[in-house]
*Asks:* 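Following this message is one structure expressed as C-alpha cells.
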Amino acid sequence: MNEHEVRSLISQVETAVSGAIDQALPALTGADSVVRRSEHADFQSNAALALAKRARIKPADLATTVIEVLRADGNNAPVAEVSVSGPGFLNLTVADAAIWGQVAARLASPRLGIGTSEQGRRTVIDYSAPNIAKEMHVGHLRTTIIGDALARLLGFLGAEVIRQNHVGDWGTQFGMLIQYLDEHADAAWHHDQLAPGTSTVPALDGLYRAARKEFDADPTFTDRARARVVALQAGDEVTVARWRDIVTESEFAFREVYDRLGVLLEPEDSAGESFYNDRLSDVVAELTAAGIAVESDGALVVYSQEVTGPDGNPVTLMVRKKDGGYGYDTTDLATIRYRIRDLKADRLLYVVDSRQALHFRLIFEAARRAGWLTDDIDITHVAFGTVLGPDGRPFKTRSGDTVKLVDLLDAAVDKARATVAEKDHDLTNDELSQIAEQAGIGAVKYADLSTSRTKDYVFDVDRMVSFAGNTGVYLQYAHTRICSILRKADDTSAEVDPTLPLHPAERALALELDTFGEVLAEVGRLLEPHRLCGHLYELAKAFTDFYEACPVLSADAPARANRLALCHLAARTLRQGLNLLGIAAPERM
RNA sequence: GCCUCCGUAGCUCAGCGGAUAGAGCAAGUGACUUCUAAUCACUUGGCCGCAGGUUCGAGUCCUGCCGGGGGCACCA
C-alpha cells in the first residue's frame, strides 16, 4: 500500500460480497467471493455455485440470501444493483457515481492510483547478456526486451530492481583476438576511427573471424594466441589493457543498440564472466568442502539428486574441468551466491531461453544444497521460446547465418517509414523519421511481448508492421488520437461531475481503466508481460469505441469535462502502460 | 528412456474452474464537409489433438495415449 493507492472497484466489490457472505452464512466466513468482470453486468460473483454444496443449500437460494444481505446492508458500496441469474450467478452493477469517483481519484494521483505490490522487494534481473566483440543477434532480442519490460514494471510496482547484464567478456577467444589486433595495428575498430553510422562491434566481429581463420590456418599464430590467453589470465598488464579496451568499445556499441531499443541497461549494469572470474575458485572450494562437488575423472562435478540422463545416471554440473578451467556452470553458480550474499536479493530472475531449463534446474538445486538459496528467496528461470523464421525453424538468414539484431530493427523501421509516408500528414521529414523509428521499434517489441512468453513465435516483419489490429501501432495511434483531443481542448481542467449518467462506452472505458493496477500486479506476480499487452489492447479498443460514440469537444458543459477527464486518464494510462513495456508513445503520428 | 514446452477458426494467437470459446489477419459489404479512416460497423468461419477421470460446472485441473519443438557432463 502507498499513500496514492486507489482501490480498484473489483476489489471493493469483492469486499462487499465477502462481507455479505460472511453475514449470511457465518459458517462460510472467509470464503472466496469469486468476483470477476462480466459480460452480463459490471461484475459477477460465482460464489454461490461454489459454496452451495458446503452450505447444503441450493445455489440459487444461497445467492438470494446473499442478495438480501447486500440490499439490506447500508455498507454495500460500490454495488448499486444485484440480481440472481442462471443457476446462481450474482450479477453486480456498480453505481455510476462510484465509477466517476474512481476516474477522479486516479486522475488526482501521480501514479494513477496504482498500488505497490512489489514494495521493497530486492529483485535482481539477469537479462540481455551479449558477447563482447560480437554482434547482437536475434537470439538477444527476447531476453533484452522481456527482461527490460520486467525491470520497468517491477520497479514501478515498488521493487528495488537491480539489473544485471551478464556479458560474455572472458574466455580463450580473447587471447586470439588480442594477438591478432597486436599483429594488425592498422585495423580500425575504435568507434572514433570509424565512419559515422558504422559501429565498432561489426568491425571487431570481422576481426574476430579473421583471427579465427588465421588460428585454424597458421600453427605459429595458434601458439602465439594460446600464449596470449595465458598472459590474459595471468594479468599481464599490456594484454589486460587491450582486453579492457575491447570491452569498453563493445559496451559503447551495445549502448547504441540499447538506446535505439529504449532499453534501460547501462555499462554499470554489466557484471559479466570476468566479474565472477576471481570468485570461481571460492565457489568450487565451498562446494567441495560441503561434499557437494566431487571428483570424477580428474574433473570436479556435482551430481544431481533429482534428474537422471539417458543412461540412467545422474545429470551433472561441470564445476571444474580436467584442465582446471571453469565453464558457465560454475559462473552461474557464482551469480546465485553473489546476488544472495552480496546484493542481498529477495528475488532472482534469469531471463534466458527455455532451452536452458535443465541447466537452471541443476544450478538452482546445487545452490539449495550449498545453502546459498533458502526458501525465503524466490528464484525463477524466466524462460522464453525461440524466435522462428517463416519456415518454422530457428530464425536464420537465407545463407544460414544468424540474423543481426540491427538488421532486424532496420527492416522493421524501413517498412514503418514506407507505411507512415503513405498517410496524409503535415509532418516534417525529421518528424516522419522519428515516428517511423518509434513505430517500427515499437512494433517489434510489441510483437515479442504480446505473445505468451513460453511459446516459440514466428518473426514476421510484414505482419508486425502491417499496423492493423493488435499491434504496437494500434496502441500508439489510440494515444495520439487522445492527445489530439486534449491539444484542441483549450481548457485542460477536467473537473469530474460524479452525478452524470454514464454512457455505455464511457462505462466500459472507465471500468477498463480501473483494472490497470490489478493487471500490473498480476504481471509482477506471474512475470508475463503479454497480459499487460492484452489489457492495453482492450483499453485502446475501449477508447476507440468511446471515441466513435461519445464526442468530446462538441459535448455540452458538464459532460464535456467528464469526457475530457476520461481522455486524460486514458492517455496517461496508455502512456504508462507503453512505458512499462519500453515502447514509445508519440503524441502525433 | 527421462525431463520440459506446446497442440484452440484457413493463418497468427488470447483465454490464472464459470453463462453462448474470443481477438487480429485473410475474404466480403458498408462508413471520412466530423475530436487523426493507422479507424469503425456488419457478414463468413470451431469434434478447443484423442480417451478417461475430478467437479454443480473443464479449452482451463489430474491420468494415459497421439503428434510436434527443445533439452539430457569438460562449448558458452
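Lettering follows sequence order; numbering is per chain, from 1. Atom set for the values below is all heavy atoms of this structure, side chains included, hydrogens, waters and symmetry mates excluded.
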*Asks:* If you count the non-hydrogen atoms of other residues, nucleotides and ligands that lie under 6.0 Å from CD in A:E306, is the total more than 12?
*Replies:* yes

*Asks:* Check whether any side-chain nitrogen or oxygen of A:Y328 sits under 4.0 Å from OP1 or OP2 of B:C74, and answer yes or no.
*Replies:* no

*Asks:* Could you tell me how far B:G17 sits from B:A58 if I compare only their P atoms? Round to whole Å.
*Replies:* 14 Å

*Asks:* Just to be sure I understand the rule, does A:A468 reach a base, reach only the sugar-phosphate, or reach nothing, if contact means heavy atoms closer than 4.0 Å?
*Replies:* sugar-phosphate

*Asks:* Using a 4.0 Å heavy-atom cut-off across all strands, classify A:N46 as base, sugar-phosphate, or nothing.
*Replies:* base

*Asks:* For the pair made of CG in A:L527 and P in B:C16, what is the distance, rounded to whole Å?
*Replies:* 16 Å

*Asks:* Between B:C62 and B:A23, how far apart are the two C1' atoms, rounded to whole Å?
*Replies:* 30 Å

*Asks:* Mapping A:Y537 and A:V458 onto RNA chain B by nearest heavy atom, which one lands closer to the 5' end?
*Replies:* A:V458

*Asks:* Rounded to the nearest Å, what distance is computed from the CG atom of residue A:L358 to the P atom of nucleotide B:C5?
*Replies:* 13 Å

*Asks:* Measure from CG on A:D462 to P on B:A26 and round the result to the nearest Å.
*Replies:* 12 Å

*Asks:* Tell me whether the NZ or CZ atom of A:R481 lies within the 45° cone about the ring axis of A:Y547 and under 6.0 Å from its centre.
*Replies:* yes

*Asks:* Measure from CZ on A:F89 to C1' on B:C56 and round the result to the nearest Å.
*Replies:* 10 Å

*Asks:* Atom CD of A:E538 and atom C1' of B:G15: how far apart are they, to the nearest Å?
*Replies:* 11 Å

*Asks:* Just to confirm, is there a sub-4.0 Å distance from OP1 or OP2 of B:U4 to any side-chain nitrogen or oxygen of A:S354?
*Replies:* no

*Asks:* Taking atom types as modelled, is there a side-chain donor on A:Y446 or A:N470 under 3.5 Å from an acceptor on the other?
*Replies:* yes

*Asks:* Which atoms form the tightest heavy-atom contact between A:A549 and A:H503, and what is the distance?
*Replies:* CB-CE1, 3.8 Å

*Asks:* Indicate whether OP1 or OP2 belonging to B:A38 is found under 4.0 Å from a side-chain N or O atom of A:Y477.
*Replies:* yes

*Asks:* Between B:C48 and B:G67, how many Å separate the two C1' atoms, rounded to a whole number?
*Replies:* 16 Å

*Asks:* Base, sugar-phosphate alone, or nothing: which one does A:A50 contact when heavy atoms must sit under 4.0 Å apart?
*Replies:* base

*Asks:* Base, sugar-phosphate, or nothing for A:R320, non-hydrogen atoms under 4.0 angstrom?
*Replies:* nothing

*Asks:* With the side chain of A:F467 defined as its heavy atoms from C-beta on, choose the nearest nucleotide among B:G1, B:C6, B:A38.
*Replies:* B:A38

*Asks:* For B:G24, take OP1 and OP2 only and decide whether either is under 4.0 Å from a side-chain N or O of A:T471.
*Replies:* no

*Asks:* Across all strands, who's sitting opposite B:G1 as a Watson-Crick or G-U wobble pair, both distances under 3.5 Å?
*Replies:* B:C72

*Asks:* Within the 4.0 Å heavy-atom criterion, would you say A:Q476 contacts the bases, only the backbone, or no part of the nucleic acid?
*Replies:* nothing

*Asks:* Does A:E587 reach a base, just sugar-phosphate, or nothing at all? Heavy atoms under 4.0 Å.
*Replies:* base

*Asks:* How is A:V473 classified with respect to the nucleic acid when contacts are heavy atoms under 4.0 Å: base, sugar-phosphate, or nothing?
*Replies:* base

*Asks:* Pick base, sugar-phosphate or nothing for A:C483, based on heavy-atom distances below 4.0 Å to the nucleic acid.
*Replies:* nothing

*Asks:* A:E522 has a side chain; which of B:C3, B:C16, B:C5 sits nearest to it?
*Replies:* B:C16

*Asks:* Taking any strand in view, what nucleotide pairs with B:U39 in a Watson-Crick or G-U wobble way, both distances under 3.5 Å?
*Replies:* B:A31

*Asks:* Could you tell me how the ring of A:Y328 sits relative to the ring of A:H359: parallel (under 30°), tilted (30 to 60°) or perpendicular (over 60°)?
*Replies:* parallel

*Asks:* Which one, B:C6, B:C74, B:C35, comes nearest to the side chain of A:K322?
*Replies:* B:C74

*Asks:* For a quick test of reading the model: is some side-chain N or O of A:K455 closer than 4.0 Å to OP1 or OP2 of B:A14?
*Replies:* yes

*Asks:* Under 4.0 Å, counting only non-hydrogen atoms across every strand here, what does A:R393 touch: a base, just sugar-phosphate, or nothing?
*Replies:* sugar-phosphate

*Asks:* Can you figure out which of B:C56, B:A19, B:C3 approaches the side chain of A:R361 most closely?
*Replies:* B:C3

*Asks:* State which of B:C72, B:A76, B:A38 makes the closest approach to the side chain of A:K423.
*Replies:* B:A38

*Asks:* For nucleotides B:C32 and B:A38, find the distance between their P atoms and express it as a whole number of Å.
*Replies:* 15 Å

*Asks:* Tell me the closest heavy-atom pair linking A:M318 and A:A299, and the distance in Å.
*Replies:* SD-CB, 3.7 Å

*Asks:* With a 6.0 Å cut-off (strictly less than), is the heavy-atom count around CZ of A:R37, excluding the residue itself, greater than 12?
*Replies:* yes

*Asks:* Quick one: look up who B:U20 pairs with, Watson-Crick or G-U, both distances under 3.5 Å, and put none if it's unpaired.
*Replies:* none

*Asks:* For A:Y457 and B:G24, give me the distance from atom OH to atom P, rounded to whole Å.
*Replies:* 22 Å

*Asks:* OP1 or OP2 of B:C40 versus the side-chain N and O atoms of A:Y474: is any pair under 4.0 Å?
*Replies:* yes

*Asks:* By nearest nucleotide on RNA chain B, pick out whichever of A:S450 and A:R487 is the more 5' one.
*Replies:* A:S450

*Asks:* What is the distance, rounded to the nearest whole Å, between atom CG of A:N277 and atom P of B:A76?
*Replies:* 12 Å

*Asks:* Measure from the side chain of A:R463, starting at C-beta and using heavy atoms only, and say which of B:A38, B:G1, B:C11 lies closest.
*Replies:* B:C11

*Asks:* Counting just side-chain N and O atoms, does A:H530 come under 4.0 Å of either OP1 or OP2 of B:G15?
*Replies:* yes

*Asks:* Whole-Å distance between B:C75 P and A:D323 CG?
*Replies:* 8 Å

*Asks:* Could you let me know what B:G7 is paired to, Watson-Crick or G-U wobble, both distances under 3.5 Å, or none if it's on its own?
*Replies:* B:C66

*Asks:* Identify which nucleotide among B:C56, B:G15, B:A38 has an atom closest to any side-chain atom of A:L49, counting heavy atoms from C-beta outward.
*Replies:* B:C56

*Asks:* Going by modelled atom types, is there a donor-acceptor pair between the base of B:A76 and the side chain of A:D332 at under 3.5 Å?
*Replies:* no

*Asks:* Around A:R487, counting heavy atoms of other residues, nucleotides and ligands shown, do more than 12 lie under 6.0 Å from its CZ?
*Replies:* yes

*Asks:* The side chain of A:R355 is closest to which nucleotide in this list: B:C35, B:G70, B:A38?
*Replies:* B:G70

*Asks:* Provide the distance between the two C1' atoms, one in B:G22 and one in B:G59, to the nearest whole Å.
*Replies:* 12 Å

*Asks:* For A:Y350 and A:F360, take the angle between the two ring planes, folded into 0 to 90°, and tell me which bin it lands in: parallel under 30, tilted 30 to 60, perpendicular over 60.
*Replies:* tilted

*Asks:* Assess whether one donor atom and one acceptor atom, taken from the side chain of A:E548 and the base of B:A41, lie less than 3.5 Å apart.
*Replies:* no

*Asks:* Between B:A76 and A:K321, is there an OP1 or OP2 to side-chain N/O distance shorter than 4.0 Å?
*Replies:* yes

*Asks:* Taking the same atom, C1', in B:A41 and in B:C5, what whole-Å distance lies between them?
*Replies:* 40 Å

*Asks:* Distance check, P atoms only: B:U44 and B:C2, in whole angstrom units.
*Replies:* 48 Å

*Asks:* Can you check the distance between B:G53 and B:A21, where both ends of the measurement are the C1' atom (answer in whole Å)?
*Replies:* 23 Å

*Asks:* Between A:L300 and A:V284, what is the shortest heavy-atom contact and its length?
*Replies:* CD1-CG1, 3.5 Å

*Asks:* Is the phosphate of B:A37, meaning OP1 or OP2, less than 4.0 Å from a side-chain N or O of A:R481?
*Replies:* yes

*Asks:* When we call it a touch if two heavy atoms are under 4.0 Å apart, what does A:E528 touch: a base, just sugar-phosphate, or nothing?
*Replies:* nothing

